[in-house]
Amino acid sequence: MADLTSDFIGIKSPNPFWLASAPPTDKEYNVRRAFEAGWGGVVWKTLGEAGPPIVNVNGPRYGVVYGADRRVLGINNIELITDRPLEVNLKEITRVKKDFPDRALVTSIMVPCEEQAWKDILPRVEDTGCDGIELNFGCPHGMSERGMGSAVGQVPEYIQMVAEWCKEHTDLPVIVKLTPNITDIRYPARAAKAGGADAVSLINTVSSITSVNLDTMSPEPSIDGKGSHGGYCGPAVKPIALNMVAEIARDPETAGLPISGIGGVTTWRDAAEFLALGAGNVQVCTAAMVYGFGIIKELTAGLSAWMDEKGYSSVAEVTGRAVPNVTDWQYLNLNYITKARIDQDACIKCGRCYAACEDTSHQAIEMKEGRVFEVIDAECVACNLCVDVCPVEGCITMEELDPGVIDARTGKPVEADYGNWTTHPNNPATRAAE
Amino acid sequence: MANSERTPGVVAGRLQREALAENFADLHEPFDAHEALVAADRCYFCYDAPCINACPTSIDIPLFIRQIQAGQPASAAKTIFDQNILGGMCARVCPTETLCEEACVREAAEGKPVEIGRLQRFATDTVMATGAHPYARAAGTGKRIAVVGAGPAGLACAHRLAMKGHDVVMFDAREKPGGLNEYGIASYKTVDAFAQAEVAWLMQIGGIKLETGHRLGHEIMLEELQDEFDAVFLGVGLAGVNALRAEGEGHAHVRDAVDFIAELRQASDVSTVPVGRDVVVIGGGMTAVDAAVQSKLLGAEHVTIVYRRPRDRMSASEYEQQLATSKGVRIITGAAPVRLAGGEHVTGIELAYTHDGPDGLTTTAETFMLKADQVLKAIGQHLDGAPGAMALDGGKIAVDGPGRTSVDGVWAGGDCATGGDDLTVTAVAEGRDAAEDIHATLMS
Ligand SMILES: Cc1cc2nc3c(=O)[nH]c(=O)nc-3n(C[C@H](O)[C@H](O)[C@H](O)COP(=O)(O)OP(=O)(O)OC[C@H]3O[C@@H](n4cnc5c(N)ncnc54)[C@H](O)[C@@H]3O)c2cc1C
Ligand SMILES: Cc1cc2nc3c(=O)[nH]c(=O)nc-3n(C[C@H](O)[C@H](O)[C@H](O)COP(=O)(O)O)c2cc1C
Ligand code: SF4
């Protein structure tokens, strides 16, 4: 059986699934139940400064985007950091860590961008016996308007500065949580590394408005007729998150920087993908909020079964496996030629492939008598749209043409050798070099 | 002592009121809004969707389902009514399992089609519940058209003509409009007096004058109509009932299934409708199934359908056959009646096994008896008293294209005319298309 135990920057947990800093980790009651259910670790809901806690809105704080059958694809929120007193949270963290010594307990912190504020809070957090800290530079709403959260996360210099303060004032491992609301995620990651951070975690939520109430003309969630910019999360943001994780993983400047992958992890498969693209572990929020803590059983059993099937014995062996296969467009093999193939036995004759290709792509599917759909090789550019829109899994596939075979579209034989844009005759740069 | 399922003879009130109420409730519960959304989400929005082609009225089904998905059932209803003004009735009575839902690609994919009929009902009910009628008449054309028969064919024709600005007088022999919607369709498909509610809703278009108790060939004559009106549409259905031609057909309690059903449909209280203890229904179509099922629901102890050909030749769909057997109806196929036994009343029926050979269907010498105190004949209807000059084909008014008969200025559609299956939806399509052709002809 695959070993799921995880050692992330020295923080050990029985499995690589942590609950992300969010409502599921907001208090002792939740975290105890999560640990009892089997979660490997938690990042406690973000703590703020001592003194009167922040207040949340008292109306709805979540918006949603549904797929078929009201399946939640994405949630956005306008919730702030914890609205419970610092002292209460610290006491609870202490108690829980004592009772669950084998689980990872990381404390998320967001205090003003002044050294004294960090100096004040860090020893108190250390006293709880927790395993590490995560700096929340990510929330796109509310806190950033007070110069915290994503306002800091969007300025690499600040990230570096705060990371340095933390490394100076505590011995706990420091994770910097990154906001995706920035053009190039590599800059804040590099800053975190330069500041001495032990790891980055990403992504925090994506700035969003999920919907508008067309009767009241208020964005949702609506607070007395007004809405704000919330943070989007859940399955819908996974592609954004995977992309950013991979960018950091393959950036030479941050190579080797441990990454905690967050964003839309819903099943074991999502987790495996994050690991493959360079994450050392994953954090989960929306899936737990939608389905409850019980999903941990599927996550751990699923990851373990898949690792057994593939012969991976540890999580670390999976981490980064796909990173070498992430490349720039210009290095993709232009001599790799495929054609769409429709399995007539599996075809249910819905004609979606036809509508897609005929109306919006390359007119490469023919509709024959009796609703028989066939690919016209001479037109097919292999875009994959038909595969994507076909409701029957495995009905349309892409077949690779062997070297030497004539591509009916170009009339040329498929070349055996790898050839990319950098050497392609149509590339002006190539021509200039000649 | 009240009657029960075991009371001999043809009697009313075999079941308690509650049991009857339950038996005659809606066959398919309507969708609530959530169920409708879940069902609508299953539609793939197929290209040139097969379901559209399978619908005799060619409703743009993927479009109306998408409109339900997008939260506008009223727009969905408009999409339906544009093609089929009796979309509400059709949603209830169409054998969707042999029409749109049979063609649904999800039937091929997983044996579970999108529930088009129930979605159609959801959409149309939304609009009809408001009582509002979504169409207005075009400016008056001054043309007058007679529509004979206020069944689905006549109603669809009259509505379309009225909408185009023509003045319509709709004649019907019966007391109430609706045709078989009112007198024929099984009760559990059209609960809560839906047929009359639908006619009233449809008539809101204006410009349609209804004359009931007017029978063509009696109170009104075709020639007079031709003189008085610019065009005539005949949608008189099949008023004649085929005879069994078996010995003993004259015994009491041997009757036409359509009459039995009409009596049931017109009863204000089903507990007053008499039914036998041992009911035998002769026939293999929708009427046979409806008569058998409703006999059972009224409390008959034993109900048997007897059909002379093999099971797969029954015109009642497999779904309907299953409905019948699920209600406890026994289906015997490959046997034909040779004699009805009894004195004053029928007491039994003698059946002979049949043989389907090269010379067609023949009866064998091997016979058996079934106990029967009521026999319902459902072996088909025929056109009754077609106006003299009209060319017929296979016993129906011969039409070509959109309902043109051999007589100039006279159109026909629905069950009484050639072409298409004898279904409500087909009658609607033919009535509508004839109206379009009448309009085009009159306005050219
Ligand atoms: C028992 C039974 C159950 C059925 N169940 C279904 C079902 O579940 N689904 C389905 O799709 N189809 C069903 N059908 C078939 C469907 O009802 C018919 O195909 C449809 O009603 C035909 O419509 P129509 O307008 O042509 O004729 P009809 O509905 O028969 O209407 C004809 C009208 O013309 C009137 N009329 C007749 N003669 C004259 C005359 N001489 N002068 C004036 N008026 C006249 C009649 O009173 C009647 O109102 C069923 C039929 C029967 C008999
Ligand atoms: C295959 C594909 C190619 C696209 N190419 C472009 C492009 O060249 N330029 C552009 O401005 N947007 C491009 N877009 C983005 C679309 O214009 C649009 O902004 C985006 O898809 C979001 O809208 P939608 O999801 O509602 O379709 C592309 C989108 C797709 C799916
Ligand atoms: S791969 Fe693209 S171009 Fe080829 S048939 Fe499919 S949709 Fe058309």
Side-chain angles (χ1 to χ4, degrees), chain A residues 63-74 210-217 220 235 340 342-376 385-396, chain B residues 31-55 58-76 96-116 118-119 122-123 126:
Chain A
V64 67
V65 171
Y66 287 123
D69 202 6
R70 279 174 81 88
R71 186 169 281 265
V72 172
L73 298 185
T210 46
S211 58
V212 177
N213 181 318
L214 293 178
D215 297 322
T216 63
M217 285 297 165
E220 301 283 8
I342 301 173
D343 177 348
Q344 297 300 337
D345 293 331
C347 177
I348 60 170
K349 307 191 184 304
C350 68
R352 274 185 163 185
C353 59
Y354 178 81
C357 192
E358 186 69 14
D359 290 359
T360 73
S361 294
H362 301 86
Q363 297 76 47
I365 295 180
E366 195 180 356
M367 179 171 165
K368 293 188 166 162
E369 186 63 30
R371 300 183 70 79
V372 173
F373 298 94
E374 274 174 16
V375 175
I376 306 166
L385 184 63
C386 53
V387 176
D388 294 343
V389 303
C390 177
V392 179
E393 207 181 318
C395 173
I396 311 184
Chain B
F31 276 145
D32 66 25
H34 171 72
E35 291 169 316
L37 280 181
V38 173
D41 265 334
R42 295 187 64 238
C43 174
Y44 286 148
F45 203 78
C46 294
Y47 178 81
D48 187 17
C51 53
I52 304 179
N53 299 324
C55 170
S58 307
I59 293 170
D60 191 340
I61 294 163
L63 175 61
F64 95 67
I65 293 180
R66 194 176 159 90
Q67 288 168 313
I68 293 176
Q69 280 169 9
Q72 294 189 319
S75 307
T96 50
E97 66 278 4
T98 61
L99 299 170
C100 51
E101 292 179 18
E102 182 181 52
C104 176
V105 300
R106 298 201 76 155
E107 172 65 30
E110 59 233 14
K112 213 172 159 280
V114 175
E115 289 185 80
I116 299 169
R118 291 177 82 188
L119 284 166
F122 173 75
T126 306

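Chain naming here is simple, since letters A, B, ... match the order of the sequence lines and numbering starts at 1 in each. Only heavy atoms go into these numbers, but all of them, side chains included; no hydrogens, no water, no symmetry mates.
For the pair Cys350(A) and Cys46(B), the tightest heavy-atom approach, listed with the atom from each and the gap, is O-CB, 3.0 Å. When all heavy atoms of Arg371(A) and Tyr47(B) are compared, the closest pair comes out as NH2-O, 2.7 Å.
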Kindly indicate, with the supporting measurements, whether the criterion side-chain contact (heavy atoms from CB on, under 4.5 Å) is fulfilled by Asp48(B) and Met367(A). CA-CA 10 Å; Asp48(B) 187 17; Met367(A) 179 171 165; 3.6 Å; yes
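The distance from atom CD of Glu110(B) to atom CD1 of Ile348(A), rounded to the nearest 0.5 Å, is 7.0 Å.
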